[in-house]
Structures are given as C-alpha cells and as structure tokens.
Amino acid sequence: MDLFSINSIKAILQRHGFHFSKSLGQNFLTERFVCEKIAELSEITKEDCVLEIGPGIGSLTSELAYCAKKVVAVEIDKSLLPVLNETLSSFDNIKVINSDIMKCDLPSLIKQEFDGNLPKVCANLPYYITTPIISHLIRSHLFTSITTMIQKEVALRICAKAGTSDYGAFTVFVQYFTEPEYLFTVDKECFIPQPKVQSAVVRLNMREKPLVCPKSEDMFFRVVKASFAQRRKQLANSLFSDFKNEITKEQITNILVSAGHKPTVRGEELTIEDFCTISDEIFSIYN
Ligand code: SAM
C-alpha cells in the first residue's frame with residue numbers, strides 16, 4: 001500500500017469514512033523522503049524502542065518500524081484505528097494505543113511496552129499542542145532523545161541563542177534539559193491538508209544532567225519566567241513585578257550589577273548561566 005500517493009491516501013481515508021480534524025492538528029505527511037529523513041536523523045537502530053505520538057495513517061510509523069526494534073504509537077483519534085490496522089498490518093513490531101499523550105501514564109507504558117528500557121521519541125506533533133507535549137516529555141525524564149516535526153517558528157525558538165528575538169523562556173527550559181539541534185525545514189506542500197505555516201524537524205538530545213546547577217530549580221524557572229513576562233521591560237523592572245512583595249528593587253539592581261550586568265539589561269540578553277547566577281543570588285536572600 002502506497003502511503004505516499006495523494007490518491008491512495010484519499011482512497012484509504014474515504015473507504016474508512018475518515019474526515020480530517022483541524023482541532024487535532026491533522027496534517028499528514030505525503031512525502032516519503034521526509035519520513036525517511038526523520039527516521040534516519042533520529043538515529044534509531046534495531047536496538048531501539050520508539051514512542052511515536054500521533055501516527056495519523058502510519059506513514060512515519062512504518063519508516064520507524066523498519067529501523068527500530070519496537071514502535072509504540074499513541075493516537076488520540078479513534079477513527080484512525082481501523083485505518084492504521086490496515087496500513088500497518090504487515091508489521092509485527094508496531095503497537096498502536098488509542099490515548100491522549102497528555103493523559104498517558106508514561107512510566108507504566110514504558111515499563112509494560114519496553115521492559116523499562118528508555119525509548120526515543122519520534123513524531124510529527126499536532127501543532128495545537130506542541131509546547132505542552134514537549135514540556136511533558138522532557139519533564140518525565142523517560143526518553144533519551146526527542147526527534148520531532150514542529151512549526152518552524154517553535155523550532156527557531158527552541159534552538160535560539162541569547163540576545164536574539166527568538167530567545168525566550170521556552171528556549172531556556174528546553175536547553176536546560178536538552179541539547180537541541182535544528183535538522184531541516186519542511187515545506188507546506190509535503191502535507192495533506194497543507195498547514196498555514198512552515199515546519200521544521202528538531203532533535204532534542206536529553207542531557208545527563210541539566211546545563212547549569214541552580215541552588216533551587218523552582219527559583220531558577222521563576223526568575224526565567226518573570227524575566228520574559230514583559231519582553232520590552234528592563235530586567236530589573238520585570239523581576240521587581242514578580243518579586244515586589246519579597247525583595248526590594250535596590251536588591252534586584254545590586255544583584256544584576258554584581259553579576260556584571262548593566263542595570264538596564266533586558267532578559268533576552270542573559271545566557272542560561274547568567275539566569276542561574278541571578279536566581280542563586282535571589283535564592284540566598286531567603287536562606
Ligand atoms: N504522524 C502522522 C504524519 O506524519 O503523517 C500524523 C501527524 S499529524 C500532524 C498529528 C497526529 O497527532 C494526528 O494523527 C492526530 O490525530 C494526533 N494527535 C493529536 N492530538 C493528540 C494527542 N493529544 N495525543 C495523541 N495523538 C494526538
């Protein structure tokens with residue numbers, strides 16, 4: 001069965017009475033080379049277990065199954081199950097689970113399906129929920145890498161450097177836990193239906209330990225969130241907005257200056273190491 005010809009995709013979907021759901025972010029890949037490239041660049045081998053999120057009609061799933069020991073694909077849309085049953089029938093190393101990835105008990109799933117071995121994630125993520133899914137997967141600490149197609153704009157944010165307009169709180173979060181790599185850009189023409197925006201594939205390699213080691217992770221992420229809450233504001237003002245009932249503006253300015261910054265510095269100019277230094281200084285005021 002050719003999962004990469006528009007006519008055969010339409011015929012399979014019609015036979016099963018399937019209708020695309022915009023709200024579930026259903027844009028299916030129609031180009032074999034894109035699926036092959038995602039599978040290749042996710043560096044999956046026959047030793048690897050893979051968790052796929054949102055198999056759709058199984059185009060990427062089948063490419064992953066050629067490379068991997070086992071693929072477990074979690075699909076929220078029940079109406080795709082008979083389609084997947086047909087398109088993936090020749091594989092004996094794929095299991096499809098009908099569930100919302102955000103509600104899955106990931107530790108039990110990994111224990112049951114992969115004998116406790118940490119899998120790699122590979123996906124063409126639904127765009128309506130990209131950042132919550134990535135955050136959920138990273139926070140679980142259950143995967144060795146996450147290779148995924150996402151909106152190009154989000155990929156640029158994830159891989160951004162300090163001092164650029166794409167750099168923000170999500171950049172810091174992802175780079176704290178992973179080493180992200182921008183792999184390649186994918187045109188709208190590679191999907192049915194075509195999305196409105198361009199896409200890109202990134203690989204997030206989980207770090208063995210976070211990039212920096214703050215005294216308090218909660219304080220580190222509170223400082224990062226506050227620093228980017230109002231991008232146009234100077235950092236001292238953004239931090240003061242969040243901490244005003246706890247520390248004085250003067251204390252904040254002193255911390256910034258003694259860390260080597262101008263009092264007028266903006267959040268987006270700070271590296272992840274700078275955020276760690278500042279959050280440690282704020283933390284030590286309380287302790
Ligand atoms: N992997 C397929 C491909 O590349 O052609 C389909 C990708 S499509 C962008 C996203 C898929 O994720 C759809 O099949 C959609 O039904 C599914 N999906 C959406 N939300 C989901 C969720 N919360 N949990 C699991 N699957 C979800």
Side-chain angles (χ1 to χ4, degrees), residues 1-6 8-10 12-13 16 18-42 44 50-68 71-88 91 94-106 109 113 119-137 140 143 146-152 154-155 183-184 186-202:
M1 187 177 311
D2 185 1
L3 291 180
F4 298 100
S5 123
I6 302 256
S8 91
I9 295 174
K10 282 185 177 162
I12 301 165
L13 294 180
H16 289 278
F18 173 82
H19 298 286
F20 285 98
S21 158
K22 224 179 178 178
S23 64
L24 289 178
Q26 291 177 336
N27 303 98
F28 297 164
L29 276 164
T30 55
E31 292 294 333
R32 185 187 300 277
F33 82 91
V34 177
C35 292
E36 285 173 348
K37 213 164 154 184
I38 296 175
E40 182 199 329
L41 294 175
S42 60
I44 291 163
V50 176
L51 176 73
E52 187 194 7
I53 296 150
I57 60 164
S59 334
L60 177 60
T61 324
S62 50
E63 291 306 321
L64 296 173
Y66 288 128
C67 308
V71 179
V72 171
V74 176
E75 174 56 61
I76 197 171
D77 187 349
K78 218 177 186 164
S79 69
L80 282 167
L81 300 193
V83 179
L84 289 163
N85 208 14
E86 181 181 337
T87 58
L88 302 177
F91 292 90
I94 299 176
K95 178 162 177 184
V96 177
I97 295 177
N98 179 213
S99 177
D100 176 343
I101 191 65
M102 297 301 286
K103 294 187 182 149
C104 263
D105 178 351
L106 292 174
L109 185 146
E113 301 296 339
K120 290 178 171 166
V121 172
C122 205
N124 169 13
L125 285 180
Y127 291 173
Y128 76 102
I129 195 178
T130 309
T131 52
I133 293 180
I134 292 178
S135 307
H136 182 57
L137 297 174
S140 75
F143 307 99
I146 301 167
T147 305
T148 182
M149 171 115 69
I150 51 182
Q151 302 96 305
K152 184 177 175 189
V154 180
L183 298 176
F184 63 101
V186 183
D187 287 333
K188 298 173 193 176
E189 290 72 30
C190 297
F191 301 87
I192 176 175
Q194 289 186 16
K196 288 205 174 73
V197 293
Q198 265 200 317
S199 305
V201 179
V202 289

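Numbering of ligands and ligand atoms starts at 1, following listing order. In what follows, every heavy atom counts, from backbone to side chain, and hydrogens, waters and symmetry copies are set aside.
There is no side-chain donor-acceptor pair under 3.5 Å between Q194 and N27. Looking at Q151 and S199, their side chains never bring a donor and an acceptor atom within 3.5 Å of each other. Side-chain contact check for N98 and E75: no donor-acceptor pair (N or O, by modelled atom type) lies under 3.5 Å.
Ligand 1 has no nitrogen or oxygen under 3.5 angstrom from a nitrogen or oxygen of N27. Looking at I57 next to ligand 1, no N or O pair under 3.5 Å apart turns up. Remark: ligand 1 and I129 share no N or O pair separated by less than 3.5 Å (distance only, no angle test). At under 3.5 Å, a nitrogen or oxygen of G54, whether backbone or side chain, sits near a nitrogen or oxygen of ligand 1. At under 3.5 Å, not a single nitrogen or oxygen of D77, backbone or side chain, sits near a nitrogen or oxygen of ligand 1.
The two residues K188 and V197 come nearest to each other via the heavy atoms CG-O, 3.7 Å. Considering every non-hydrogen atom in both F191 and P193, the closest pair reads CB-O, 3.6 Å.
Atom 2 (C) of ligand 1 has its nearest heavy-atom neighbour, among A73, S79, P55, in P55. Across V74, V83, L125, L80, heavy-atom proximity to atom 25 (C) of ligand 1 is greatest for V74. With distances taken over non-hydrogen atoms, the option nearest atom 8 (S) of ligand 1 out of G25, P126, G56 is G25.
Within ligand 1, counting atoms from 1 as listed, the ones closer than 4.0 Å to a heavy atom of D100 are 22 (C), 23 (N), 24 (N). Atoms of ligand 1 lying under 4.0 Å from at least one heavy atom of L29, given by number and element, are 3 (C), 4 (O), 5 (O). Counting atoms of ligand 1 from 1 in the listed order, those under 4.0 Å from a heavy atom of N124 are 3 (C), 4 (O), 7 (C), 8 (S), 9 (C), 10 (C). The contact set between ligand 1 and Q26, taken as ligand atoms under 4.0 Å from a residue heavy atom, comprises 13 (C), 15 (C), 16 (O). Within ligand 1, the atoms closer than 4.0 Å to a non-hydrogen atom of L24 are 15 (C), 19 (C), numbered from 1 in the order shown.
A cation-pi contact, defined as under 6.0 Å to the ring centre and within 45° of the axis, is absent between K120 and F143.
Between the CD atom in E40 and the OG atom in S42 there is a gap of 9.0 Å [rounded to 0.5 Å]. The OG1 atom of T61 sits 6.5 Å away from the CG atom of L84 when rounded to the nearest 0.5 Å.
One N or O on the side chain of D2 and one on the backbone of F4 form a donor-acceptor pair closer than 3.5 Å.
Summary of contacts: the protein heavy atom closest to atom 21 (C) of ligand 1 is I76 CG2, 3.5 Å. In terms of protein heavy-atom proximity, atom 24 (N) of ligand 1 is closest to I101 N, 3.0 Å. Summary of contacts: the protein heavy atom closest to atom 16 (O) of ligand 1 is E75 OE2, 2.6 Å.
Under 4.0 angstrom from ligand 1, the non-hydrogen atoms of Y128 all belong to its side chain. Neither the backbone nor the side chain of C35 comes within contact range of ligand 1; no heavy atom lies under 4.0 Å. Heavy atoms of E52 found under 4.0 angstrom from ligand 1 belong exclusively to the side chain. The proximity of S99 to ligand 1, defined as any non-hydrogen pair under 4.0 Å, is limited to the backbone.
Counting heavy atoms from C-beta outward, Q26 and F18 have side chains that approach closer than 4.5 Å. Looking only at side-chain heavy atoms (C-beta outward), S62 and T87 stay at 4.5 Å or farther from each other.
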Full working for side-chain contact (heavy atoms from CB on, under 4.5 Å) between L60 and I38: CA-CA 8 Å; L60 177 60; I38 296 175; 4.0 Å; yes
